[in-house]
Amino acid sequence: MKDVMITIVNSMLVDKNEKPDVTEVITEGKLEMTETGCVLSYDLDPTDDGEPDPESHTDMILDGNSFNFIRTGMYGADFLVEPGVRNQTLYRMPFGNMTVGVHGRELRSDISEDKGNITAKYEIDFNAALVADYQMDISYRTI
C-alpha cells in the first residue's frame, strides 16, 4: 500500500436550472493497486471535533467497469456505480436508514501507482423518483 493524498469533489444537481451543489474533501489515505483497478481508503472525523472516529472508514473500490463506495460509521453508505445499471443501496444516518436507487451513467478512470483520476456519474432516486444527478471526481497522488 502506498500513502496518497486524495481529493474528492462531489457535485449534486437537483434542478437543471440551478448551479450544482459542490463539496470537496482533501485527505491523506492509502492506495492499493489490484489486477482490475484499485482501492483507495481513508478515515475522516465526521463530527469535526478534531478527534478521529474509529468507527468511520471509507473504501473506494474501482474494479473494471464498476465503482463501489463503502463508508462505515455514523454516516454510512454502500453504493455501487455500474454504467447502465440501477442498484439498490443503503444510506445510514444518525436518524435512521434509507434505501435508495443508484443508476450508473458513466465511469471513467486513468490510474497508476503514482497518480490517478476516477469519475463516476450517477443518479439517485427514492421510490424510483429521481432526486438528483451526481458526479464524483476523485484524484490521488503519492506522498
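With hydrogens and angles ignored, the 3.5 Å screen pairs a side-chain donor or acceptor of Ser112 with a backbone N or O of Asp114. In this structure a side-chain-to-backbone donor-acceptor pair under 3.5 Å is present from Thr72 to His57. The closest donor-acceptor contact from the side chain of Asn87 to the backbone of Leu80 lies under 3.5 Å.
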Practice prompt. Apply the test side chain to side chain donor-acceptor pair (under 3.5 Å) to residues Ser41 and Asp59: give CA-CA distance (whole Å), side-chain angles for both, the deciding distance (0.1 Å), then the verdict.
Written response: CA-CA 4 Å; Ser41 302; Asp59 288 321; 2.6 Å; yes
Practice prompt. Would you check, one step at a time, whether the test side chain to side chain contact (heavy atoms under 4.5 Å, CB included) holds for Met5 with Ile26?
Written response: CA-CA 7 Å; Met5 185 63 64; Ile26 300 172; 3.7 Å; yes
Discussion item. Working note: Ile111 + Met33, criterion side chain to side chain contact (heavy atoms under 4.5 Å, CB included); need CA distance, chi angles, decisive distance, verdict.
Written reply: CA-CA 9 Å; Ile111 60 171; Met33 297 300 292; 4.0 Å; yes
Fill in: side chain to side chain contact (heavy atoms under 4.5 Å, CB included) assessment of Phe69 paired with Val81
CA-CA 8 Å; Phe69 181 92; Val81 176; over 6 Å; no
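If you take CG on Asp133 and NE2 on His103, they are separated by 11.0 Å, rounding to the nearest 0.5 Å. Within the model, atoms OG1 of Thr27 and CG of Asp43 stand 8.0 Å from one another, a figure rounded to the nearest 0.5 Å. Here the straight-line distance linking atom CZ of Arg92 with atom CG of Asn97 works out to 7.0 Å at 0.5 Å rounding. With values rounded to the nearest 0.5 angstrom, Tyr140 atom OH is found 9.5 Å from Ile6 atom CD1. Put simply, CZ on Phe67 and CG on Leu107 are 8.0 Å apart, with the number rounded to the nearest 0.5 Å. Ile61 contributes atom CD1, which lies 10.0 Å from atom CG of Leu40 (distance to the nearest 0.5 angstrom).
With a 4.5 Å cut-off on side-chain heavy atoms, Ile143 and Glu28 count as touching. Residues Gln88 and Arg86 meet the side-chain proximity criterion, which asks for heavy atoms closer than 4.5 Å. A heavy-atom distance below 4.5 Å is not found between the side chains of Thr99 and Thr89. Between Lys2 and Glu113, the closest side-chain pair of non-hydrogen atoms falls below 4.5 Å. The shortest side-chain heavy-atom distance between Leu13 and Tyr134 does not fall under the 4.5 Å cut-off.
Note: the hydrophobic cluster containing Val39 does not contain Ile138 (ILVMFWY, side chain heavy atoms under 4.5 Å, direct or indirect links). Note on Val100 and Val131: same hydrophobic cluster, where clusters join Ile, Leu, Val, Met, Phe, Trp and Tyr whose side-chain heavy atoms are under 4.5 Å apart, directly or indirectly. The cluster map of Ile, Leu, Val, Met, Phe, Trp and Tyr, joined by side-chain heavy atoms under 4.5 Å apart, puts Ile70 and Val25 in different clusters. Linking ILVMFWY residues whenever their side-chain heavy atoms come closer than 4.5 Å, directly or via other members, places Val14 and Met136 in the same cluster. Hydrophobic clustering keeps Ile118 apart from Val22 (ILVMFWY residues linked when any side-chain heavy atoms are closer than 4.5 Å, directly or through intermediates).
Remark: Lys115 NZ is loosely packed, at most 12 non-hydrogen atoms of other residues, nucleotides or ligands lying under 6.0 Å away.
Residues Tyr122 and Phe79 place their aromatic rings such that the two centres sit under 6.0 Å apart.
Considering every non-hydrogen atom in both Pro83 and Arg105, the closest pair reads CB-O, 4.2 Å.
A salt bridge is defined here as a Lys NZ or Arg NE, NH1 or NH2 lying under 4.0 Å from an Asp or Glu carboxylate O, and Arg71 with Asp78 fails to meet this definition. With respect to the salt-bridge test (charged N to carboxylate O, under 4.0 angstrom), the residues Arg108 and Glu106 qualify.
Of the residues listed (Asn10, Thr7, Thr119), the one engaging Asp137 in a side chain to side chain donor-acceptor pair (under 3.5 Å) is Thr119, and it is the only one.
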